[in-house]
Amino acid sequence: MSKLKVVVVGNGMVGHHYVETLATSDVDAEITVIGGETRPAYDRVHLSEVFDGKEPSDLAMTTREHYDDLGVNAHFGDFVASIDRDAKTVTTVGGQQFSYDKLVLATGSYPFIPPVPGHDQAHCLAYRTIDDLAEIKASAKGKKVGVVVGGGLLGLECANALKNLGLEAHVVEFAPGLMGVQLDDGGSQMLRRKIEDLGVKVHTSKATQLISSGDQHRLKMEFADDTELETDMIVFSAGIRPYDQLARDADLKVGERGGIEIDYQCKTSDENIFAIGECAVLGNFIYGLVAPGYRMAEAAVSQLSDDKVSFTGADMSTKLKLLGVDVGSIGDSKGLAEDSRAFVFSDERDDVYKRLNVSADGKKVLGATLVGDCDDYDTILQYYLNDIDLPENAENLILPALDGEAPSLGVDALPMTASICSCHNVSKGDVISAIDGGCQSVADVKSCTSAATGCGGCAALLKNVVDFELTARGVEVNTDICEHFKHTRQELFTIAQSSQIKTFDELIEKHGTGHGCDICKPAVGSIMASLWNEHVLESDLVQLQDTNDNFMANMQKDGTYSVVPRVPAGEILPEQLIVLGQVAKKYDLYSKITGGQRVDLFGAKLNDLPDIWSALIDAGFETGHAYAKSLRTVKSCVGSTWCRYGVQDSVGQAIDIEHRYKGLRSPHKLKMAVSGCTRECAEAQSKDVGIIATENGWNLYVCGNGGMKPRHADLFATDLDTPTLIKYIDRFLMFYVRTADRLQRTSTWFENLEGGLPYLQDVIINDSLGIAEDLEAQMQHVVNTYQCEWKTAITDKEKLKRFTQFVNSDKDDDAVIMVEERGQKRPATDAEKKRLAFKAVS
Amino acid sequence: MSTVICKVEDLTKNSGSCALLTQNGQQQQIAIYYLPNTEQKVFGLGNWDPIGQANVMSRGMVGSIDDELVVASPLYKQHFSLVTGKCLEQDASLPVYELAIEDQNIVLKS
Ligand code: SRM
Ligand SMILES: Cc1cc2nc3c(=O)[nH]c(=O)nc-3n(C[C@H](O)[C@H](O)[C@H](O)COP(=O)(O)OP(=O)(O)OC[C@H]3O[C@@H](n4cnc5c(N)ncnc54)[C@H](O)[C@@H]3O)c2cc1C
Ligand code: SF4
Ligand code: FES
């Protein structure tokens, strides 16, 4: 049987999900996808992040190569112009023709631009695609004022984007309130107050009649009430319209207010044509969110296989942060149903508004509106979605708790079908089968079910379910560091800090048992160093250092050591290069340039280490801490000093930063980098702390990782001046040092941090925990007490005592045997050793 | 018979050191661990790590696992009993040397 030919029109989020789902299903199909935009599908939901420093490529959901790998034929930058239903072909504007057995329309929608005279001149823009963003950016460049027409969800998001571009942002809304679709009057007013506090100017009940040219600014908007507003640009966000022209031309049935009509199987009026996503209308309703679009895509794919699934509608509740304001809307949020009864809580001091709509008998949630505080969203949503009976005093669900915690819905009350993650359609039942299948942690369940990897809104709920289920199975979520301490690393840190404990012996005597081990000892060593910053070879601390720290060098496979001097930012004097060469030659060390912009000298004998370091220190080198869980390198590119694109002095910045944080002991090693412009030659986004120069200052990225599980760093703050940059890094690093588990890089620490990036930003930038000053002081202590450990050691007999091969002999270890390769020595292999031994005997 | 190896002050508390011993013309490296807070105080094992294949056991970290005193190999972190020389994770063991402190000297009993 020949393959089923499936042609997909549109490669937006939903079209892509369809392609991906079909390509990885059992259906034997030959898939062609035709996308009108020039790039493969991208994440439209997070479009505005491009204004916060993300690159368009960060939003990509797929690539041409990935489609190639899946065997999908993909055509981009060409629109389908017509469908011939009899011949079962489609023809593109570019003249290409494709024949199909099944056709899928996923054409999405386009922004509605009100036909006001003057709307079609330059600097009147839309906000829907990556190309739109480029136009908005270009238009905003060097200008002062921007207007968004439309005070709905997207309009407000766009206003935030304009604000981030440095414009004075205005929102012009035709209706009397903001977000009229989702919010009731009270909620809408509260939102308005909050947004105005943030400096966005809101104009409601304004009908634009004409857009003409302005006097002070490029454009002038003239309103029906005879008022005017001048602006440099206008972005229309006054609603969307489904792209249904293609379907109309082909005589497919369309809805009264547009949209391609579909049934529960996502079929249009032609049984060989499906429509999914924002272009489709089911029962006169357009589902303008991604999650329902994904469900349609899955339902449509299933029609081609044996187990068919229907799409019967979807929940449209949403939780968002708009201009930093939490806004939530659930079900019948305005209480329009006849028997709806409302509880309303309004706090004009803290700007919080909540409305809970319940059935007349008080038993069920019908909907809710939340502005300024969405903490109750998850709980209310679960009552609503699962039709759970409300407790007696339902108003407590939205009232601030007078003492103790607000009532939360126990996750055990949720039925198996309860949706935990709507982005990836994961139910409580799915989570439980993942746990039955062996998942032991939230991270396991995430990677196994994809839950909480979309918008991330469900992370807290997922954690509750997983923790509850694990506990119910008697899986003790044991976080003790090891058998010697019934504490986590974080607890040990707090204990040592608050009781001023400075030795391991005191800590284990008071708070542990036994003699310690190679897990708790180095961890405590690291805590002691972060807190008190004494020399690692102080007599009470020696026993805590792992082999490498113990000899301040990395042990190699044959028991010899490597030597890595610090080369801040990779900048090095010719004289120092010469000394490196001389030392390497004198002690016969293998030399290699490392991946961290410095030089590693291998094969040093334990008893030679002090002499080697004396020579290096004389030449101005310091220890590079290559052996320590502490700052390794701050990599840098050459920056504005030499490079024609550089916008700041990245080398200077990297050197300063390397000197500031060198020697800071942390739960795991730390790597940083500074790039002089957005080309990012220093690869800062793969570092624990990454800094990228901008025209106006520095963008700070955190929690990146190379290594075993690479992770792109998250953009943390933009356009910082140097003092602010340093302040944030101080706080960030110390917060990590205090709270991470042992051997947890910043990336894994961050992945497990509840509340994610917004929480971290809140702690570091807004000082939400009130500890910022403390963190800075602690960092300053570490900076002030820095010493080059090797410099101190080479003048201290007691510390040097251990740098001998044998306590009772000057001989060398006769098991260390080197051979030569490419002009340098290296450890002999076993076979080589045997051959050499044989030669020596014969 | 007792052979003096070194002085107590040559050792480092709660850590290991290495001594070279020549017996019957054969050189042997002994890892000596000095744990003043235990009853036995000094422990001797072979310095050759049979798993990592290098003379490094003296540079491992000492501690206890389930009340058994152990040293962790500095190369790949397997634990060996200070008393029996047996590896806890794998089928391997180290030779055990009987050591004692006499007049501030570390001596080998045999
Ligand atoms: C020398 C060097 C390789 C080279 O020849 O270039 C190197 C060598 C070692 N790396 Fe590395 N890494 C070196 C750059 C890197 C890089 C690249 C970088 O820093 O830009 C990475 C990936 C970036 C990152 O860490 O995010 C890297 C990721 C690792 C990892 C995996 C870490 C992770 O989070 O997944 C380990 C294992 C670990 O730390 O647990 C590791 C561990 C090691 C150890 C310490 C393994 C060991 O215990 O013996 C090696 C010891 C070297 C020695 O004896 O001096 N090395 N290692 C590089 C030294 C850089 C420096 O100047 O300090
Ligand atoms: C700024 C913004 C923020 C948003 N925030 C959220 C949010 O937080 N949560 C949420 O759930 N939803 C959000 N949405 C809505 C969400 O993006 C849409 O629901 C979703 O993208 C719809 O996907 P789709 O594939 O149906 O349509 P689209 O993503 O619009 O994709 C349709 C694609 O088809 C192409 N096309 C159209 N006609 C043709 C043709 N004839 N031939 C070839 N190609 C064609 C179009 O160019 C387009 O690329 C947001 C939307 C925007 C713009
Ligand atoms: S990649 Fe592996 S082998 Fe290479 S240096 Fe790093 S740790 Fe060693
Ligand atoms: S709901 Fe979006 S990731 Fe789970």
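What you see below is based on every heavy atom in this structure, not just the backbone, and it leaves out hydrogens, waters and symmetry mates. Chain letters run A, B, ... following the sequence lines, proteins first and then strands; every chain starts at 1. Remember, it's a predicted structure, so these values are computed and weren't measured experimentally.
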Please determine whether the number of non-hydrogen atoms from other residues, nucleotides or ligands lying under 6.0 Å from atom [atom1] of [X] exceeds 12.
X      : atom1 : answer
B:K7   : NZ    : no
B:Q27  : CD    : yes
B:K77  : NZ    : yes
A:E821 : CD    : yes
A:K825 : NZ    : yes
B:Q104 : CD    : no

message = Can you confirm whether A:N550 sits close enough to B:M61 that some side-chain heavy atom of one is under 4.5 Å from a side-chain heavy atom of the other?
response = no

Report yes if some heavy atom in the side chain of A:Q543 is under 4.5 Å from a heavy atom in the side chain of B:V62; otherwise report no.
-> no

Of the listed B:N55, B:V56, B:N37, the one with the largest count of heavy-atom pairs under 4.5 Å with chain A is B:N55

Heaviest contributor of heavy-atom pairs below 4.5 Å to chain A, chosen from B:C18, B:G63, B:A54, is B:C18

Could you tell me which portion of [X] (side chain, backbone, both or neither) has an atom closer than 4.5 angstrom to a non-hydrogen atom of chain A?
X     : value
B:E9  : backbone
B:D66 : both
B:A72 : side chain

Quick check: does any side chain N or O of [X] sit under 3.5 Å from a backbone N or O of [Y], one acting as donor and the other as acceptor?
X      : Y     : value
A:K801 : B:T12 : no
A:N808 : B:L20 : yes
A:R802 : B:G16 : yes

Return the [atom1] to [atom2] distance between [X] and [Y], rounded to the nearest 0.5 Å.
X      : Y      : atom1 : atom2 : value
A:S809 : B:I5   : OG    : CD1   : 12.5 Å
B:D10  : A:T804 : CG    : OG1   : 8.5 Å
A:K521 : B:N14  : NZ    : CG    : 5.5 Å
A:H515 : B:L69  : NE2   : CG    : 5.0 Å
B:D49  : A:K557 : CG    : NZ    : 13.5 Å
A:Y561 : B:R59  : OH    : CZ    : 4.0 Å

Of all heavy-atom pairs linking B:S64 and A:C517, the shortest is O-CB, 4.0 Å

Minimal heavy-atom distance between A:A815 and B:W48, with the atoms involved, is CB-CZ3, 3.8 Å

Is it the side chain or the backbone of [X] that comes within 4.5 Å of chain B heavy atoms, both, or neither?
X      : answer
A:D518 : both
A:Q805 : both
A:L606 : side chain

